[in-house]
Amino acid sequence: MRLATFNVNSVRQRAGHVRRFLERQQPDLLFLQETRCRAEEFPRLEFEALGYRAHAVGQPGGRNGVAVLARVPFAVVAEALPGDAADGQARYLEIVAEGGLRAACLYLPNGNSGGEEGLAYKLRWMDRLLDLAEARLDAFMPFALLGDFNVCPTEEDLAPGALAPTDALVHPEARARFRALLFFGLTDALRALHPHDRLYTYWDYGPAFEENRGLRIDHILLGPDLAERLSGCGVDVAPRAEPQPSDHAPVWCTLR
DNA sequence: ATGGCAGGGTGGCCCTGA
């Protein structure tokens, strides 16, 4: 089984990139972030033609937005992070796939805009994510978190000097919460198989990609039973090298 | 150490992203 996550920075602009990724990598489940359209505007037909069923969560105003594309049967179990006081932000989608795999797609708040309150919102969102991860792991079900976490977990996860030390993506409190997810028993799939490789999932528009000045902020975290089945994981940089790309590249993993 | 990009919505610029 293959899982993948891709921040597309507008799915309507990037439908071709997604289609080519599906054809090349053949994931069973692909989670999208920053779809930036309402659910009814999601270009589902483009993907249904390839055998993928879509479910999108959107919001008015062209911001945020998450979705799943699946070629295995699935049920949607949540369209908001539990504890979310109905703030209307489309950042979370949780499904149960055929066979019992429970997987959540998340688009964590960036935390750099909106001043102190913007950062506080990010940290509160991570607190709720910690509560959720704890509950799911306590329930002993095959569980995975995939998405744009907007956190560089360690100094190995960004090009030197790529961010100011005060940036919300490297904020000590955000990093501490990411580590707490790992302490609960989730495995960072990419680092489990590639502990010290220079691996990034985001490069700013401009010369950053060809200079490989990037960030690793898109992650796949696996519960214990899924981590035991992990046989491969990587960043697919091909979509980032295509014309008119997203600023992110997809991350995928394969489970035995 | 930022917006010099890029996308979207609104209205003929502003906000957000990271």
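By convention in this document, chain letters (A, B, ...) are assigned in the order of the sequence lines, proteins followed by strands, and residues within each chain are numbered from 1.
Residues A/Ala164 and A/Arg14 both approach DNA chain B. Their nearest nucleotides, taken by heavy-atom distance, put A/Ala164 toward the 5′ side.
Taking atom C1' in both B/dA1 and B/dG7, the straight-line distance is 23 Å, to the nearest Å. With both ends at atom P, the span from B/dC5 to B/dT10 equals 25 Å, rounded to whole Å. Taking the P atom of each, B/dG3 and B/dG17 are spaced 15 Å apart, rounded to whole Å. B/dA6 and B/dA18 have their P atoms separated by 15 Å, with the value rounded to a whole Å. If you take atom P in B/dG8 and the same atom in B/dT2, they sit 26 Å apart, rounded to whole Å.
Here A/Gln244 does not reach the OP1 or OP2 of B/dG7: none of its side-chain N or O atoms lies under 4.0 Å away.
With values rounded to the nearest 0.5 angstrom, A/Asn7 atom CG is found 7.5 Å from A/Ile217 atom CD1. Of the inter-residue distances, the one linking A/Leu158 atom CG with A/Cys152 atom SG reads 5.0 Å to the nearest 0.5 angstrom.
Judged by a 6.0 Å distance limit and a 45° cone about the ring axis, A/Arg19 is not positioned over the six-membered ring of A/Phe47.
When each of A/Arg191, A/Arg198, A/Arg175 is paired with A/Asp157, the salt bridge (charged side-chain N to carboxylate O under 4.0 Å, His left out) condition holds for A/Arg191 and for no other.
At the heavy-atom level, A/Gly61 lies under 4.0 Å from the strands shown only through sugar-phosphate atoms.
With hydrogens and angles disregarded, no donor-acceptor distance shorter than 3.5 Å links the side chain of A/Thr187 to the backbone of A/Ala227.
Aromatic ring centres of A/His219 and A/Phe178: separated by under 6.0 Å.
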Nucleotide by nucleotide, nucleotides 13-18 of chain B touches protein heavy atoms under 4.0 Å in the pattern (B base, S sugar-phosphate only, - none) ---SSB

